[in-house]
K.L.:
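Before anything else, here's the structure in question.
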Amino acid sequence: MRHPARPPVRGRLAVLLGISLLAARALAGPADPFDESRMDLKPAPATLLKARHTGPYAAGSALSFTAAIKPLDPAHDKTIRLDTSHKIIEIAPGVQYSAWTFGNQVPGPTLRARVGDRIHFSMTNRSDEIAPGSISFQAPMMHSMDFHAAMVSPQDKYRSIAPGQTIAFDFTPNYPGVFMYHCGTPMILEHIASGMYGVVVVEPREGYPTKVDREYVVIQSEFYPKPDPQGHKVDGKPVYVLDTEKVKTKESTYTVFNGRYNGLVEQPLVAKPGERVRLFVLNVGPSNTSSFHVVGTIFDRVWLDGNPRNELRGMQTVLLGSSSSAIVEFRVPEKGKYIMVDHHFANASQGALGLIDASGGTPDTDLEHHNIPATATPTDAQAVQGKQIFEGKCIACHSVGEGNKVGPDLLGVTRRRSDGWLVRWLKSPETMLKSDETAQALLKKFNLPMPDQGLSEADALRLIAYFHWFDQQGKAMKSGEH
Amino acid sequence: MTGRCRAAAGLLLALGAATALACGHCIEDRVAAVYDYGVAQQAGREGLRVAYLGIAGRSAETAAAAAATGDALRGIAGVAPGTLRVAAAPAAAAFAWSGDEAALARILQTANRRLVAAGLRLELLRVWEAGRGLVEPPPRGAGGRM
């Protein structure tokens, strides 16, 4: 009887080795998506160029200029230009702010790429020229670019360049995410608070694991304006500049989405009932935290920092520190307007509000059910600061249009008293009570002297600006009595 | 802790310190702290150059060091009046000067002599010149233009 032919020993060993390798691989699980051997960790040096860019301040097919982000450009090599500029932008109705920009807009354009793509970046510091149609009173200065999506030497790639200089460098995004970019030139706080920031969206090599119908970028940031000490005006309206003291103490006047007070209420993000929406959310700061929430839905998925590996399910809010981000995905359950809000409501009242409009074109933007009407806060910076003072020092004793409390209802106060009287009263109530008949009458009526709150003249003027604002708003409301 | 461990810990601390210094402390950031476009424009018009200097020393990043640096540079012949800029953090100074490299070297020598008592020293980082922009100074002892 013949035995069947057996493979030679060497062949059997090879088969065994192959099986062992396959088994080992199966036990080890899928390949590591963050395998460092596939990363670019040896970028080439940056170059400083003599020639300066002209024409558009931003260029590149991978850039998006509005909240609606374009789909991924499939090209592996992406050439982008983000020049710096200084210009006046409107951050709230009537508030002209002296901003510093990337790509001549705030926030800067959004770059979308994929892990492993090659980004060819260049930037001219054009703060020494005025863009067509723009106005600036700000002196040119040095700027730089810091991409959080890159792994490079800051001393080489993120160096500051003088007006007229151009820097160019390449980088490869090694990790997926929603990454901030910003100017890193001292004082960094001032450069960011003046508008120099934007987003880089980096998709995983294999793309996102879910499908959506809409994609938008939402960037939260703070503004700290004060009236321009030099008194510049644009179209008769005062220009505001960065308040370098308030920015250090984190006393923001506006907290906004996409660079503008209630900007995403004025221009809602459109969706349809039943659709699935993906938001790329970045909190720029520079100093405050965001508790991002969409009223009326639940985040099916939250990918912290925009990386699908960092997944949370069924979230009501996502907490974002400065320069923190997330991708949030949710279903729009039915027809309606879904309110995006920073659930730190002090921030929402400063303008961190927006809408996902799935109403099919209903004209009103009624947010009353959530007690955050778009007009509940003044937009003039003086009045906004006055409101903050009022809520900090006056609200315990006074209401606006809700009747007398310990002290009088202040609705209509600017019609009953002159600004000069109010300044004197707010600054020195004790002095006024000694000699002023109106002050004495108030004491007689309310049996409680107005306490001295230690207000400066500037604070008194801010409060009066707020009083004027609510008196303008309150024409349709009943007048306060006292 | 063994000596080797202590050495390793020391090295790690030193590396950590270097990392902490990376933001806002590279040369260009120090230049940016005292860069004044108006001074550069004025220098260009008057045929001057602008020197950008780092302030070195154990207590360099203090208001006192900035004040001492200002005092040391003020009034030295060759420093163009009204062009001196000093920053505490990052610690840097800048001024426009008239004359050649040797004149700048003399200015720095005088200032550094005045700063010895404060434990401070000025180091030339960059020079701005009309038509050339910001350029690196030549290595010590090298001839030619800056």
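Below, all heavy atoms of this structure are taken into account, side chains as well, without hydrogens, waters or symmetry copies. Convention: sequence-line order gives letters A, B, ...; per-chain numbering from 1.
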K.L.:
Hey, are A/Lys246 and A/Glu222 close enough for a salt bridge, meaning a charged N less than 4.0 Å from a carboxylate O?
P.N.:
no

K.L.:
Counting only heavy atoms closer than 4.5 Å, note whether B/Ala87 contacts chain A via side chain, backbone, both or neither.
P.N.:
neither

K.L.:
Regarding B/Arg126 and B/Glu28, does a basic nitrogen lie under 4.0 Å from an acidic carboxylate oxygen?
P.N.:
yes

K.L.:
Any salt bridge between A/Asp35 and A/Arg38, counting N to O under 4.0 Å?
P.N.:
no

K.L.:
Before accepting this row, confirm whether a basic side-chain N of the pair A/Asp146/A/Lys157 lies closer than 4.0 Å to the acidic partner's carboxylate O.
P.N.:
no

K.L.:
In terms of ring plane angle, is the pair B/Trp97 and B/Phe95 parallel, tilted or perpendicular, where the classes change at 30° and 60°?
P.N.:
perpendicular

K.L.:
Does A/Tyr97 have its ring centroid less than 6.0 Å away from the ring centroid of A/Phe223?
P.N.:
yes

K.L.:
Using a heavy-atom cutoff of under 4.5 Å, enumerate the residues of residues 126-144 of chain A that contact chain B, numbered in order, or state 'none'.
P.N.:
A/Asp128, A/Pro140, A/Met141, A/Met142

